[in-house]
Asks: 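Below you will find the structure I want to go over with you.
Numbers for residues simply follow the sequence, beginning at 1.
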Amino acid sequence: MSRTTRRLFRGAEVVVTMDDARREIARGDVLVENGRIVAAGENLPRDGAEVVDASGCVVTPGLVNTHHHLFQTLTRAVPAAQDAALFGWLRTLYPIWSRMTPADIRLSAEVGLAELALSGCTCSSDHLYLFPNGARLDDSIEAAGRIGIRFTATRGAMSIGESRGGLPPDALVEDEAAILRDSERVVDAFHDATEGAMVQVALAPCSPFSVSRELMRDAAILARDKGVRLHTHLAENDEDVRYSLDNFGMLPGDYAESLGWTGDDVWHAHCVKLSAPEIDLFARTGTGVAHCPCSNARLASGIAPVRALRDAGVPVGLGVDGSASNDCSHLGLEARQAMLVARLKDGPAAMGAREALEIATLGGARVLGRSDIGALKPGMQADLVLWDVSDLPLAGQWDPVAALVFCAPVRPKAVYVGGRAVVDDHRLLTADPRDLRARAGKAVARLAG
């Protein structure tokens, strides 16, 4: 779609606006012009707009992924890592990741982002924290440009290897001065702070068990000097909490606070083991959480206290996490899993389908610090998804909005980012999935050899 044309999405089964009133408009329309939402309502006038038939579809804002490791897409279902907890899983995969090339990083990101787009994702964060064989953050940013969804590239890092008591092998860690120099470089080169930005950058030392206190502190200082966000892993499982207590003498949330890692410009991944006082700390400071329910279950890390986080006012979004700890990049599945595990932890009324959808859209936008996406209301970016609810797996449903979460994963009929079609008629328009599959197969054969 040309950025100067008008498009009217007409006659949707339901338009889920996620606006301030959380309106759901039966037989609704959405009018888009110049990549922005003009209106969402009933029987909107055409006024020369190109009409898109949205009948049989639920229209929602695009889904937002707040935590991923796209480089891991080429290491799905590795046999030796299939039944390990977090630390053992990492130790198994570090040697494979160390063999990756810049081309592997680009390809892995392309495959993961293509899969995300086909699941209705229009904006994704990515946490790239290792840079083997000359790889750079630039590689994943290039891949995002090809696929065409919004991208928050986080410049991760590891600086404490095994010889100094950290978890990663020494060959995968970097010099801290070099990390900070490159962090400044990528912010200056790629971060776009303007409304409607396609690429933003955040700083993201990997975890308390792979970087020093000094790097955490200095990264926070640099991020605030540059006006970018901060991201890391925190309180992911019992091992993670024990490491923090043994090495820092405090809980993970308190450790984060001591180094400047709380605030409305910070979001942490997982947070499965946050205590009540840590939840209160996050609520008071506006610190966000990327909830990764599938990965948390896959690695047996536990169930994050999402009901308590939401009730306290903590910003919460969804993250699929790495494709090696989730083994897929499907945000619809993540929303369903979030609803189910919340009920498993806190009872059948702990989370409904609409709250799961809100976390997947508006919640994710808030966690990433974006006020221009996450809802279908005038002035917002035209990031929207047409979900085909006429397929057999949804036959017999009584509530098409809830069915998006309760029933089998729904294939997006179309996905638009800034008014531009990325998926149409269930097909990815920006890359050839067959080509991606073929190249991924060759890369895996080489990495496994």
Asks: Are His68 and Ser329 close enough, and set up right, to give a side chain to side chain donor-acceptor pair (under 3.5 Å), and what steps lead you there?
Replies: CA-CA 9 Å; His68 208 325; Ser329 300; 2.9 Å; yes
Asks: Does Asp424 come within less than 4.0 Å of Lys413, counting only side-chain N to carboxylate O?
Replies: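 No, Asp424 and Lys413 are not salt-bridged.
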Asks: Going through the checks in order, is the side-chain contact (heavy atoms from CB on, under 4.5 Å) test met by Trp387 and Thr60?
Replies: CA-CA 8 Å; Trp387 304 94; Thr60 72; 2.8 Å; yes
Asks: Do the charged groups of Asp238 and Lys273 touch, with an N to O distance under 4.0 Å?
Replies: yes
Asks: Just verifying a value: how many Å separate Arg420 CZ and Arg7 CZ, rounded to the nearest 0.5 Å?
Replies: 11.5 Å
Asks: Cut-off 3.5 Å, side chains only: do Ser301 and Asn296 have a donor facing an acceptor?
Replies: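 Not at all, the side chains of Ser301 and Asn296 share no donor-acceptor pair under 3.5 Å.
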Asks: Tell me, with the steps shown, if Glu142 and Arg146 meet salt bridge (charged side-chain N to carboxylate O under 4.0 Å, His left out).
Replies: CA-CA 7 Å; Glu142 180 183 333; Arg146 292 175 183 171; 2.5 Å; yes
Asks: Answer yes when Asp139 and Arg136 have at least one side-chain N-carboxylate O distance shorter than 4.0 Å, and no when they do not.
Replies: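 So Asp139 does not pair with Arg136 through a salt bridge.
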Asks: Donor-acceptor pair, Asp388 side chain versus Cys57 backbone, under 3.5 Å?
Replies: no
Asks: Which ring pair (Phe, Tyr, Trp, His ring centres under 6.0 Å) pairs, counting each pair once, include a residue from residues 218-239, with sequence neighbours left out?
Replies: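 Counting only pairs at least two positions apart or across chains, the ring pair (Phe, Tyr, Trp, His ring centres under 6.0 Å) contacts touching residues 218-239 are His67-His231, His67-His233, His69-His233, His127-His231, His127-His233, His231-Trp267, His233-His270.
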Asks: If the threshold is 4.0 Å, N to carboxylate O, is there a salt bridge linking Arg307 and Asp346?
Replies: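 Salt bridge: no.
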Asks: Could you tell me whether a side-chain N or O of Ser108 sits under 3.5 Å from a main-chain N or O of Ile105, the two making a donor and an acceptor?
Replies: no
Asks: Are Lys377 and Thr17 close enough, and set up right, to give a side-chain contact (heavy atoms from CB on, under 4.5 Å), and what steps lead you there?
Replies: CA-CA 7 Å; Lys377 60 182 183 180; Thr17 65; 6.0 Å; no
Asks: Between Thr285 (side chain) and Leu281 (backbone), is there a donor-acceptor pair under 3.5 Å?
Replies: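 Pair found, side chain donor or acceptor close to backbone of Leu281.
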Asks: Does a side-chain heavy-atom distance below 4.5 Å link Val14 with Ile25?
Replies: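 A side-chain contact under 4.5 Å is absent here.
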Asks: Look at the side chain of Thr66 and the backbone N and O of Leu318, then say whether any donor-acceptor pair between them is shorter than 3.5 Å.
Replies: yes
Asks: Specify the closest pair of heavy atoms between Ala84 and Leu299, including all atoms of both residues, with the distance to one decimal.
Replies: O-CD2, 3.5 Å
Asks: For residues Thr154 and Val201, determine if any side-chain heavy atom of one lies less than 4.5 Å from a side-chain heavy atom of the other.
Replies: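 A side-chain contact is absent here, since even the closest heavy-atom pair is not under 4.5 Å.
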Asks: So Ile141 and Val199, do their side chains get closer than 4.5 Å, heavy atoms only?
Replies: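 Yes - at least one pair of side-chain heavy atoms lies under 4.5 Å apart.
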Asks: Arg150 and Gln381: side chain to side chain donor-acceptor pair (under 3.5 Å), yes or no, with the steps?
Replies: CA-CA 11 Å; Arg150 299 188 198 279; Gln381 295 295 305; 3.2 Å; yes
Asks: So do the side chains of Ser244 and Pro208 get within less than 4.5 Å of each other, counting heavy atoms only?
Replies: no
Asks: Determine, stepwise, if the pair Gln72 / Thr75 fulfils side chain to side chain donor-acceptor pair (under 3.5 Å).
Replies: CA-CA 5 Å; Gln72 296 178 6; Thr75 52; 5.6 Å; no
Asks: If I take atom OG1 from residue Thr262 and atom OH from residue Tyr255, how far apart are they, to the nearest 0.5 angstrom?
Replies: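 It is 13.5 Å, given to the nearest 0.5 Å.
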Asks: Ring pair (Phe, Tyr, Trp, His ring centres under 6.0 Å): which pairs involve residues 353-376, sequence neighbours left out?
Replies: none
Asks: Does NZ or CZ of Arg155 lie under 6.0 Å from the centre of the six-membered ring of Tyr129, at an angle within 45° of the ring axis?
Replies: no
Asks: Work out which heavy atom in Ala39 is nearest to a heavy atom in Pro378; give both atom names and the distance.
Replies: CA-CG, 4.4 Å
Asks: Would you say the side-chain atoms of Thr73 pair up with the backbone N or O of Ser323, donor to acceptor, closer than 3.5 Å?
Replies: no
Asks: Between the side chains of Arg76 and Glu115, is the shortest nitrogen-to-carboxylate-oxygen separation below 4.0 Å, so that they form an ion pair?
Replies: yes
Asks: Do the side chain of Arg10 and the main chain of Leu44 share a donor and acceptor less than 3.5 angstrom apart?
Replies: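 Checked: pair present.
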Asks: Kindly give the heavy-atom pair with the smallest separation between Phe406 and Arg343, and that separation in Å.
Replies: CZ-NH2, 3.5 Å
Asks: For the residue pair Trp261 and Ala220, what are the closest heavy atoms and their distance?
Replies: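 Scanning both residues completely, I find the closest heavy atoms to be NE1-CB, 3.8 Å.
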Asks: Report yes or no: does Thr430 contribute a side-chain atom to a donor-acceptor pair with the main-chain N or O of Val422 at less than 3.5 Å?
Replies: no
Asks: Would you say Ser325's side chain and Gly322's backbone share a donor-acceptor pair under 3.5 angstrom?
Replies: yes
Asks: What do the steps show when you test Leu376 against Met18 for side-chain contact (heavy atoms from CB on, under 4.5 Å), and what is the final call?
Replies: CA-CA 6 Å; Leu376 303 180; Met18 290 297 169; over 6 Å; no
Asks: Just by modelled atom types, is the Gly263 backbone N or O under 3.5 Å from a matching donor or acceptor in the Thr287 side chain?
Replies: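 Side chain of Thr287 to backbone of Gly263, a donor-acceptor pair under 3.5 Å: yes, one is there.
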Asks: Atom CG of Asp19 and atom CD1 of Ile37: how far apart are they, to the nearest 0.5 Å?
Replies: 11.5 Å
Asks: I'd like to check Val59 versus Val385 (side-chain heavy atoms, cut-off strictly below 4.5 Å). Are they in contact?
Replies: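 No; the side chains remain at least 4.5 Å from each other.
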Asks: To the nearest 0.5 Å, tell me how far Asp383 CG sits from Leu63 CG.
Replies: 10.5 Å
Asks: Any side-chain heavy-atom pair from Leu384 and Pro61 closer than 4.5 angstrom?
Replies: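 Contact flag for Leu384/Pro61 side chains = no.
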Asks: Does the side-chain contact (heavy atoms from CB on, under 4.5 Å) test come out yes or no for Leu368 and Cys123, once each step is laid out?
Replies: CA-CA 10 Å; Leu368 294 184; Cys123 178; 4.0 Å; yes
Asks: Nearest 0.5 Å, please: how far is CD1 in Ile279 from CG in Leu274?
Replies: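 Between Leu274 CG and Ile279 CD1, I get 6.0 Å after rounding to 0.5 Å.
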Asks: Do the side chains of Asp104 and Leu74 get nearer than 4.5 Å, heavy atoms only?
Replies: yes
Asks: In this structure, which one of Asn326, Asp327, Asp83, Asp321 forms a side chain to side chain donor-acceptor pair (under 3.5 Å) with Arg298?
Replies: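 When Asn326, Asp327, Asp83, Asp321 are each tested with Arg298, the side chain to side chain donor-acceptor pair (under 3.5 Å) holds only for Asp327.
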Asks: Could you please spell out the steps behind the salt bridge (charged side-chain N to carboxylate O under 4.0 Å, His left out) verdict for Arg354 and Asp399?
Replies: CA-CA 11 Å; Arg354 285 168 170 80; Asp399 179 345; 3.0 Å; yes
Asks: To the nearest 0.5 Å, what is the distance between CG on Leu8 and CG on Asp53?
Replies: 10.5 Å
Asks: So does Arg27 pair up with Glu42, basic N to acidic O under 4.0 Å?
Replies: no
Asks: How close do Ala77 and Gln82 get, heavy atom to heavy atom, and via which atoms?
Replies: O-NE2, 3.0 Å
Asks: Considering only heavy atoms from C-beta outward, does the side chain of Phe151 approach that of Leu113 to under 4.5 Å?
Replies: yes
Asks: Do the side chains of Arg229 and Asp264 get close enough for a salt bridge, i.e. N-O under 4.0 angstrom?
Replies: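 Looking at Arg229 and Asp264, the cut-off is not met.
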Asks: Spell out, as yes or no, whether a donor-acceptor pair under 3.5 Å connects the side chain of Arg224 to the backbone of Gly260.
Replies: yes
Asks: Which pair of heavy atoms, one from Gly379 and one from Arg36, lies closest together, and at what distance?
Replies: O-NH1, 3.0 Å
Asks: May I ask you to say whether Glu358 pairs ionically with Arg310, meaning some side-chain N is under 4.0 Å from a carboxylate O?
Replies: yes
